[in-house]
Student: 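Take a look at the following structure, please.
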Amino acid sequence: MSKEGKKKGSCLKTLLIIVLALAIIGGIGSTIGGDKDKAQNTTKKTAASTEKTEEQDKSTEPKEEQSATDNSKDDQVPKEYKSALNKAKSYSETMHMSKAGLYDQLTSEYGEKFSAEAAQYAVDTIEADWNANALATAENYNETMHMSKMGLYNQLVSENGEQFTPEEAQYAVDTIEADWNANALATAKSYQDTMDMSPEAIRDQLTSEYGEQFTAEEADYAIANLN
């Protein structure tokens, strides 16, 4: 082979070596870069997972602490207080009593005879809807005694009656579905049948502030419909 051919072959060989070297270096760089990105992604995922776990732990801790605190407080409540609370719940659910009426029943020597402290704890702790209790009591009076709206209100707030607050009693008489004319007529017939009263005497009794406290219109309806 001529010197020129040998020189040309040597150049090609050198060029091939350079190309292969560059390819190898590029592959190594790509691998290193990929490994670096993969490592960064793994680090980010690990950090995110750790942060999420810490947040979950933090959100769980207060609930566990709150539960433990509630149990601790419950353990500190005297047995008498718990018994008074259970009695209060029973009276509220079955007899729909007011808060003051419930307290009196719990402390009464003719009632439950709890201490004043236990009774106060019960009425302060019980979860009761006093408006609903007032309404239920009003409905019972309306069905059995056919009272007027004003007479019903007075019975609900009376200290010798149900002892609801004025607001609770007003809610009850405003919410109840009652036919006051029909109540006046039923009361008038009762007076007529049991006491042999005249229509005018019945009218006076129906409208008296010391009597039934029906309105004049309701009393007129009752007298007009008496047999």
Side-chain angles (χ1 to χ4, degrees), residues 66-67 69-191 193-195 205-206 208-215 218 222:
Q66 184 65 39
S67 178
T69 301
D70 291 342
N71 290 334
S72 177
K73 288 181 178 179
D74 188 62
D75 290 340
Q76 294 174 2
V77 176
K79 180 63 177 178
E80 183 192 10
Y81 285 34
K82 294 179 181 179
S83 296
L85 178 57
N86 289 333
K87 281 287 186 181
K89 289 178 180 178
S90 178
Y91 277 117
S92 179
E93 292 170 0
T94 59
M95 298 183 68
H96 313 293
M97 299 178 74
S98 66
K99 185 174 183 178
L102 196 53
Y103 176 89
D104 286 349
Q105 180 64 24
L106 292 174
T107 57
S108 173
E109 61 178 308
Y110 304 107
E112 301 301 331
K113 302 182 180 181
F114 283 105
S115 67
E117 294 77 13
Q120 193 62 53
Y121 169 83
V123 298
D124 287 343
T125 306
I126 186 174
E127 294 180 359
D129 186 335
W130 306 117
N131 279 343
N133 282 9
L135 178 57
T137 301
E139 289 173 341
N140 182 58
Y141 276 116
N142 184 61
E143 293 171 2
T144 59
M145 299 184 67
H146 313 293
M147 299 177 73
S148 67
K149 185 175 184 177
M150 184 57 68
L152 189 54
Y153 174 89
N154 288 338
Q155 180 64 23
L156 291 175
V157 298
S158 173
E159 62 180 29
N160 298 315
E162 303 301 330
Q163 302 183 72
F164 284 101
T165 66
E167 294 77 16
E168 292 159 358
Q170 193 64 52
Y171 169 83
V173 298
D174 287 344
T175 305
I176 189 173
E177 296 180 0
D179 186 336
W180 307 116
N181 281 339
N183 282 7
L185 178 56
T187 303
K189 286 183 176 180
S190 177
Y191 277 119
D193 295 341
T194 62
M195 300 183 68
Q205 184 64 24
L206 290 178
S208 172
E209 63 178 301
Y210 303 107
E212 303 300 332
Q213 300 179 277
F214 284 100
T215 65
E218 292 160 358

Student: With no hydrogens and no angle check, is any side-chain donor or acceptor of E218 less than 3.5 Å from a backbone partner on T215?
Tutor: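 Yes, because the side chain of E218 sits within donor-acceptor range (under 3.5 Å) of the backbone of T215.
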Student: Which pairs count as salt bridge (Lys or Arg N to Asp or Glu O under 4.0 Å) when at least one residue sits in residues 163-180, sequence neighbours excluded?
Tutor: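 Residue pairs with at least one partner in residues 163-180: K149-D174.
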Student: For Q155 and Y141, which I'm curious about, is there any donor-acceptor pair between the side chains at under 3.5 Å?
Tutor: yes
Student: Would you say T137 and F164 make side-chain contact, with heavy atoms under 4.5 Å?
Tutor: yes
Student: For A128, does its backbone N or O pair with a side-chain atom of S92 as donor and acceptor, under 3.5 Å?
Tutor: no
Student: Between Q120 and Y103, is there a side-chain donor-acceptor contact under 3.5 Å, judged purely by atom types and distance?
Tutor: no
Student: Please check this pair: side chain of E212 against backbone of T187, looking for a donor-acceptor N/O pair closer than 3.5 Å.
Tutor: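 Checked: no pair found.
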Student: Under 3.5 Å, is there a donor-acceptor pair between the side chain of T107 and the main chain of A119?
Tutor: no
Student: Work out which heavy atom in A169 is nearest to a heavy atom in V157; give both atom names and the distance.
Tutor: CB-CG1, 3.3 Å
Student: So, does N133 use its side chain to make a donor-acceptor pair with the main chain of S98 at under 3.5 Å?
Tutor: no
Student: Return each pair, listed once, that meets salt bridge (Lys or Arg N to Asp or Glu O under 4.0 Å) where at least one residue sits in residues 110-122; pairs must be two or more places apart or across chains.
Tutor: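 Non-adjacent pairs meeting salt bridge (Lys or Arg N to Asp or Glu O under 4.0 Å): K87-E112.
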Student: Under the side-chain contact (heavy atoms from CB on, under 4.5 Å) test, which residues partner S158, sequence neighbours left out?
Tutor: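 N160.
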